[in-house]
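Notes for the one structure printed next.
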Amino acid sequence: MQLWNQQSGDYETVCRIINQIVNTYPFFQCSSYGKSLCGRNLLMLSYTGKIEPNRQRILFAGAFHGMEWITTLILLHFVQRLCAAAHRNKPLQGKDAQKALEHSGLVIVPCVNPDGVEIQINGAQSAGTYADLVQKISKGDTIHWQSNARGVDINHNFNAYWHKLRAMEICDGINGPAMTRFGGMYPQSEPESKYLVTLTEKYQFRCVLAFHSQGEEIYYGFDDYVPPESHKIAQKLANASGYLLSKPEGLASYGGYKDWFICRFRRPGFTIEIGKGTNPLSISQFDEIYEKIEPMLIEALYSC
């Protein structure tokens, strides 16, 4: 199946694609690392084959925001192509696919915020017991919904200068549940962020890449701190994709998953802003986005 023929990254479609991957390639398995606010499984794909000794795994994670579900399809398509190349003992982007898996021990969380994606695609009724809240917040228009079902922006909900971010939100008039940018009442208040933190603590990843849209930019530090090797790796990712190295500003500066990872582990973490345009990016842009980003993804498995 070609992912660019899919119309959206809704939960049913994502589950179907994941099932196809694990049924075709037994060296990847799917498991749930928790449940969303609405009870949807938080799914992860992990490589189960041989991993180089004493190597911690790498994580790719997408769809922190409801509008940004195209990141989920990008990651799943990459897994399909990487698995196919490894299965046939073929290279991907000129690099040995099997060695990339053994070196990285790749773990993928294709959709961090499945409730938010469902709300954005299918409307407030997708939020179950939170449907009335979503309806009230969105006034019936969920096309620009980014948050989870409780109106909390997951990528503002991590414990990385969260209190500084909360003060900035208040100054901007963000005082409660919203379609975007409300970081919750305290860090990791939401199951989607809490379970991702637990997963990260369990695996102690040596590097993480968090995928968002849009801008064709790479963020690789947090506040004034840049982990050792991060700039070198970021430059390789930029060279592979043509994306620009950048630094987030304003409300995007704190509270994100990449920010928390860097604070917690002092290891390389990256936010990748894929594509260009206005969110939600159209599925018609899939081919163009994927063509630019695949060299970056395979480079990350070798360089991180």
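Please read these numbers as outputs of a predicted model, since none were measured by experiment. Counting from 1, the numbers follow the sequence of the chain as shown.
When all heavy atoms are compared, the tightest approach of Pro248 to Ser253 is O-OG, 3.5 Å. Between Leu165 and Gly255, the closest heavy-atom pair is CD2-CA, 3.9 Å. The two atoms that bring Asn157 and Gly184 nearest to each other are ND2-CA, 4.1 Å, heavy atoms only. For the residue pair Ala300 and Leu209, the shortest heavy atom distance occurs at CB-CD2, 3.9 Å. Taking both residues in full, the closest heavy atoms of Leu92 and Ala85 are given as CB-CB, 4.3 Å, listed atom of the first, atom of the second, then distance. Among all heavy-atom pairs drawn from Tyr257 and Leu59, the shortest one is OH-CD2, 3.2 Å.
A donor-acceptor pair shorter than 3.5 Å cannot be found between the side chains of Glu288 and Tyr290. For the residue pair His156/Arg181, the side-chain donor-acceptor check at 3.5 Å is not satisfied.
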- After noting the C-alpha distance and the side-chain angles of Val226 and Tyr220, does the key distance pass the side chain to side chain contact (heavy atoms under 4.5 Å, CB included) rule? CA-CA 7 Å; Val226 178; Tyr220 61 96; 3.9 Å; yes

- Go through the steps to decide whether Glu229 and Lys232 satisfy the test side chain to side chain contact (heavy atoms under 4.5 Å, CB included), and finish with yes or no. CA-CA 5 Å; Glu229 300 296 314; Lys232 180 180 178 181; 3.6 Å; yes

- Stepwise side chain to side chain contact (heavy atoms under 4.5 Å, CB included) check, Val117 with Cys111: CA-CA 8 Å; Val117 170; Cys111 187; 3.8 Å; yes

- Item | Evaluation steps, side chain to side chain contact (heavy atoms under 4.5 Å, CB included), between Leu297 and Leu301 | CA-CA 7 Å; Leu297 300 179; Leu301 301 188; over 6 Å; no

- Task: Take Asn148 and Ser36 through the test side-chain hydrogen bond (donor to acceptor under 3.5 Å, both in side chains) and record every step on the way to the result.
- Result: CA-CA 9 Å; Asn148 74 348; Ser36 71; over 6 Å; no

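The closest donor-acceptor contact from the side chain of Thr72 to the backbone of Gly62 lies at 3.5 Å or more, if one exists at all. Remark: side-chain polar atoms of Thr142 are not paired, donor with acceptor, to backbone N or O of Ser138 under 3.5 angstrom. Put simply, the side chain of Asn159 never gets that close to the backbone of Cys263: no donor and acceptor are under 3.5 Å apart. A donor-acceptor pair is defined here as one N or O able to donate and one able to accept, closer than 3.5 Å; no such pair exists between the side chain of Asn122 and the backbone of Ser126. A distance-only check finds a donor-acceptor pair linking the side chain of Asp153 to the backbone of Asn155 [under 3.5 Å]. When atom types are taken as modelled, the side chain of Glu216 and the backbone of Leu244 share no donor-acceptor pair closer than 3.5 angstrom. A donor-acceptor contact shorter than 3.5 Å links the side chain of Asp96 to the backbone of Gln98. Without hydrogens or angle criteria, Asp141 side chain to Ile143 main chain gives a donor-acceptor distance under 3.5 Å. No donor-acceptor pair under 3.5 Å is formed between the side chain of Asp115 and the backbone N or O of Ala127. A distance-only check finds a donor-acceptor pair linking the side chain of Ser147 to the backbone of Met179 [under 3.5 Å].
With respect to Lys99 and Glu102, no salt bridge is recorded, no charged nitrogen being found less than 4.0 Å from a carboxylate O. Taking 4.0 Å as the cut-off between side-chain N and carboxylate O, Glu201 and Arg264 count as a salt-bridged pair. Ion pair Glu190/Arg150 flagged as a salt bridge, since at least one NZ, NE, NH1 or NH2 atom sits closer than 4.0 Å to an Asp/Glu carboxylate oxygen.
Taking the side chain as every heavy atom from C-beta outward, Arg57 and Ile51 approach each other to under 4.5 Å. Looking at Phe182 and Asn175, their side chains never come closer than 4.5 Å, going by heavy atoms from C-beta outward. For the pair Gln120 and Pro280, the minimum side-chain heavy-atom distance is below 4.5 Å. At least one side-chain heavy atom of Phe60 sits less than 4.5 Å from a side-chain heavy atom of Phe211. Side chains of His144 and Asn279 form no contact here, defined as non-hydrogen atoms less than 4.5 Å apart. Under the 4.5 Å side-chain criterion, counting only non-hydrogen atoms from C-beta, Ile154 is not in contact with His65. When side chains are defined from C-beta on, Thr48 does not count as touching Pro26, because their heavy atoms never get closer than 4.5 Å. You'll find the side chain of His77 stays beyond 4.5 Å of the side chain of Val79, heavy atoms only.
Ile108 and Val208 fall into different hydrophobic clusters, where Ile, Leu, Val, Met, Phe, Trp and Tyr side chains are chained together by heavy-atom contacts under 4.5 Å. Tracing side-chain contacts under 4.5 Å through hydrophobic residues (I, L, V, M, F, W, Y), one reaches Leu43 starting from Val22; they form part of the same cluster. In the hydrophobic clustering of this structure, Val107 does not group with Val14; members are Ile, Leu, Val, Met, Phe, Trp, Tyr whose side-chain heavy atoms approach within less than 4.5 Å, directly or through other members. Both Phe265 and Val197 belong to a single network of hydrophobic side chains, linked directly or stepwise wherever heavy atoms of I, L, V, M, F, W or Y lie under 4.5 Å apart. Under a hydrophobic-cluster definition in which Ile, Leu, Val, Met, Phe, Trp and Tyr are linked whenever side-chain heavy atoms come within less than 4.5 Å, directly or via other members, Phe286 and Leu281 are assigned to the same cluster.
Within a 6.0 Å sphere centred on CG of Asn89, heavy atoms belonging to other residues, nucleotides or ligands number 12 at most.
Distance SG/Cys30 to CD1/Ile18: 5.0 Å, rounded to 0.5 Å. Note: Glu12 CD to Ile17 CD1 = 11.0 Å, rounded to the nearest 0.5 Å. Of the inter-residue distances, the one linking Asn113 atom CG with Glu68 atom CD reads 10.0 Å to the nearest 0.5 angstrom. Note that CG of Leu245 and CZ of Phe270 are 9.5 Å apart. Values are rounded to the nearest 0.5 Å. Put simply, CZ on Phe64 and CG on Leu196 are 5.5 Å apart, with the number rounded to the nearest 0.5 Å. One distance of note links CG of Asn41 with CE of Met44; it measures 13.0 Å at 0.5 Å rounding.
For the pair Arg267 and Phe205, the cation-pi test (distance below 6.0 Å, angle within 45°) is failed. With Tyr302 as the aromatic partner, Lys95 meets the cation-pi criteria of under 6.0 angstrom to the ring centre and within 45 degrees of the ring axis.
In this structure, Phe222 and Tyr254 have perpendicular ring planes: the angle between them is above 60°, well past the 30° mark.
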